[in-house]
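Chain naming here is simple, since letters A, B, ... match the order of the sequence lines and numbering starts at 1 in each. All heavy atoms count here, side chains included; hydrogens, waters and symmetry mates do not.
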There are 2 protein chains.
Amino acid sequence: MQMREDIFKIITSLPEKDLQHQLLEQSTMLNYDKNDVIVREGQYVKTLPIVLEGSIRVFQTKEDREILLYYVEPGQTCMMSLSAGFFNQASAIKAVAASTCTILSVPTRCIAPWQRRFDSWNSFVLKTFRKRYGELLTVFESVAFDHIDKRILDYLRHRAKKTNTRQIQISHQMLADELGTTRVVISRILKQFETDGTLILGRGTIELK
Amino acid sequence: MQMREDIFKIITSLPEKDLQHQLLEQSTMLNYDKNDVIVREGQYVKTLPIVLEGSIRVFQTKEDREILLYYVEPGQTCMMSLSAGFFNQASAIKAVAASTCTILSVPTRCIAPWQRRFDSWNSFVLKTFRKRYGELLTVFESVAFDHIDKRILDYLRHRAKKTNTRQIQISHQMLADELGTTRVVISRILKQFETDGTLILGRGTIELK
DNA sequence: TCCATAGTGTATCTTTTGATACTGTTCGGC
DNA sequence: GCCGAACAGTATCAAAAGATACACTATGGA
């Protein structure tokens with residue numbers, strides 16, 4: 001497999017020579033276009049995707065509604081696939097490419113042996129479990145206890161912080177999909193915020209004040 | 001430490017002699033009365049509680065509202081404490097004794113070393129992570145997508161199955177606390193179900209048909 | 001037996017959210 | 001410049017859930 005800079009970064013975070021060797025040996029590299037479905041609900045996962053470039057959106061879905069759980073960013077992996085690697089089980093979530101992205105695809109049969117054998121891999125696995133659990137708890141809290149106006153604002157602020165700009169590029173429809181509601185509701189609340197002076201609306205953009 | 005039957009059961013599920021020895025050596029046994037608070041939100045956890053007898057209710061809370069996440073039953077442990085054992089962090093949840101209960105209290109400093117050293121402990125840790133993550137996803141799905149009537153019915157059926165009886169001993173207020181709503185809402189929906197013939201209400205009991 | 005307390009039934013009102021429908025506007029290709 | 005698709009504003013209606021208030025009843029002590 002060709003050695004890219006992003007792979008190099010992952011590799012160096014796993015210092016054991018033997019692990020590095022096996023990782024390069026066993027995995028393949030895959031490319032996805034934006035909106036490609038990577039994992040469907042109910043699907044049995046056979047590989048662990050480690051994101052190299054771009055990011056993956058992970059959703060909980062039910063009929064035609066869906067709610068964003070978290071993003072998988074470069075250097076990270078998906079909780080469900082990890083869980084599926086240890087225990088053969090169907091995915092409870094849906095994963096979609098948030099942008100054009102490249103992933104390192106590790107066969108799930110490798111996960112358990114490596115986890116027992118290599119300290120850095122063990123640590124990677126545990127960190128993933130913890131991170132995803134924490135994120136799920138956070139989303140749960142906001143869905144369970146907060147009204148939509150607060151959830152919208154939290155989402156926008158979080159995103160502004162992540163991309164380090166107050167200009168957020170997102171349509172009302174997209175926002176509705178991420179938060180598990182409908183476009184009309186989002187438009188209504190956003191308009192209220194604009195009247196308040198909390199933000200400024202544009203076509204496809206929202207600017208936080 | 002005295003050897004009780006319930007400890008014996010845990011011990012035998014962890015076959016490594018050395019691990020058994022350390023477990024008995026390092027842990028202490030604690031008793032809690034019903035409604036004793038075992039972990040508060042924001043508290044830094046120093047021990048991993050393994051339930052021997054009785055059960056623990058784990059909640060997500062916000063101001064005066066709370067929602068049940070899961071129960072910790074005999075032989076099981078809590079996700080947050082485990083996570084706290086690997087990474088020093090504050091608990092995001094609240095744990096309360098659901099009944100009089102006895103727990104085996106393992107210092108968190110033991111968790112990581114044992115996990116790398118003993119196969120059975122490693123497996124115990126991973127199973128706990130997976131189980132709790134799955135449960136959280138299930139609760140999330142019902143809170144995000146289901147109406148309260150369905151959530152009440154799901155709760156009652158799940159509980160009926162668990163205790164293997166159709167007579168459920170719970171007050172409307174308790175039910176409201178578990179599902180994160182108010183007593184009036186529960187009474188209203190339950191009355192509808194009784195009119196439908198789905199169940200029969202008594203003082204402190206609900207009988208599923 | 002009396003009484004505080006927990007448990008329950010119910011009515012009324014409000015807020016939040018969802019559903020539907022219709023209008024207009026911007027943008028990119030042709 | 002035209003046209004379709006994506007994007008946005010808004011009005012109306014209905015359903016779900018929360019808030020509050022009050023009445024009634026069973027239960028278990030003192």
Side-chain angles (χ1 to χ4, degrees), chain A residues 34-35 61-68 139 141-156 167-208, chain B residues 34-35 60-68 139 141-156 159 167-208:
Chain A
K34 187 169 179 176
N35 297 328
T61 69
K62 176 134 184 178
E63 280 131 48
D64 57 341
R65 296 183 58 196
E66 49 183 39
I67 293 190
L68 177 72
V139 183
E141 186 175 347
S142 74
V143 170
F145 299 124
D146 295 340
H147 287 166
I148 289 206
D149 49 358
K150 180 165 188 307
R151 291 179 52 211
I152 292 176
L153 219 50
D154 285 348
Y155 178 91
L156 292 175
Q167 284 274 150
I168 295 143
Q169 306 291 317
I170 192 169
S171 74
H172 296 188
Q173 184 59 61
M174 279 296 293
L175 197 41
D177 290 342
E178 306 259 288
L179 299 180
T181 178
T182 60
R183 203 267 310 166
V184 183
V185 172
I186 297 288
S187 295
R188 187 155 60 203
I189 309 276
L190 283 180
K191 205 66 200 169
Q192 282 175 26
F193 279 135
E194 193 178 38
T195 311
D196 291 355
T198 316
L199 40 78
I200 299 170
L201 299 177
R203 187 185 174 82
T205 64
I206 300 166
E207 186 184 349
L208 283 170
Chain B
K34 186 170 178 174
N35 296 328
Q60 168 79 286
T61 69
K62 176 135 188 179
E63 280 129 48
D64 57 340
R65 296 181 60 195
E66 48 184 38
I67 293 191
L68 177 72
V139 182
E141 186 176 347
S142 74
V143 170
F145 299 125
D146 294 340
H147 286 167
I148 291 207
D149 50 357
K150 180 166 188 307
R151 292 180 51 211
I152 293 176
L153 219 49
D154 284 349
Y155 178 92
L156 292 175
R159 180 138 168 178
Q167 284 274 150
I168 296 144
Q169 306 292 316
I170 193 169
S171 75
H172 296 187
Q173 184 60 60
M174 280 294 295
L175 197 41
D177 290 343
E178 305 258 290
L179 299 180
T181 180
T182 60
R183 204 268 309 165
V184 183
V185 172
I186 297 287
S187 294
R188 187 155 61 203
I189 309 275
L190 282 179
K191 205 62 200 171
Q192 281 175 25
F193 279 135
E194 194 179 37
T195 310
D196 291 355
T198 315
L199 42 76
I200 300 170
L201 299 176
R203 190 184 172 82
T205 64
I206 300 166
E207 186 184 348
L208 284 171

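Annotation for A:K62: atom NZ counts as buried by contact number, over 12 foreign heavy atoms lying within 6.0 Å.
Nearest heavy-atom pair, B:A144 versus A:I67, reported as atom, atom and distance to 0.1 Å: CB-CD1, 3.6 Å.
Distance CD1/B:I186 to CD1/B:I152: 4.0 Å, rounded to 0.5 Å. Residue A:F145 holds its CZ atom at 8.0 Å from CD of B:E66, rounded to the nearest 0.5 Å. Here the CG-CD1 distance, from A:L156 to A:I206, works out to 5.0 Å after rounding to the nearest 0.5 Å.
Interface limits on DNA chain D: the 5'-most and 3'-most nucleotides within less than 4.0 Å of chain B heavy atoms are D:dA16 to D:dT27. Along DNA chain C, read 5' to 3', the first and last nucleotides having any atom under 4.0 Å from a heavy atom of chain A are C:dT16 to C:dC27.
Comparing the axis of the opening five pairs of the helix from C:dT1-D:dA30 to C:dC30-D:dG1 with that of the closing five pairs yields an angle of 30°, rounded to 10°.
A:E194 is linked by a side-chain contact (heavy atoms from CB on, under 4.5 Å) to A:K191, A:L199, A:I200, A:L201, counting only residues two or more places apart in sequence or in another chain. Applying the side-chain contact (heavy atoms from CB on, under 4.5 Å) test to A:R188 and every residue at least two apart in sequence or in another chain returns A:V185, A:Q192. Residues forming a salt bridge (Lys or Arg N to Asp or Glu O under 4.0 Å) with A:E207 (at least two apart in sequence, or on another chain): none. Among residues two or more places apart in sequence or in another chain, the side-chain contact (heavy atoms from CB on, under 4.5 Å) test is passed with B:D149 by B:H147, B:I189, B:F193. Partners of B:T61 under the side-chain hydrogen bond (donor to acceptor under 3.5 Å, both in side chains) rule, at least two apart in sequence or in another chain, are B:E41. Partners of B:D154 by side-chain contact (heavy atoms from CB on, under 4.5 Å), not counting sequence neighbours, listed by chain and number: B:D146, B:K150.
Within residues 180-193 of chain B, the residues having any heavy atom under 4.0 Å from DNA chain D are, by residue number, B:T181, B:T182, B:V184, B:V185, B:R188.
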Side-chain donor-acceptor pairs of residues 170-179 of chain B under 3.5 Å, sequence neighbours excluded:
residue	atom	partner	partner atom	Å
B:S171	OG	B:Q173	N	3.4
B:S171	OG	B:M174	N	3.2
B:H172	ND1	B:S187	OG	2.9
B:Q173	NE2	B:D177	OD1	3.3
B:E178	OE1	B:Y71	OH	2.8
B:E178	OE1	B:Y155	OH	2.5
B:E178	OE2	B:R57	NE	3.4

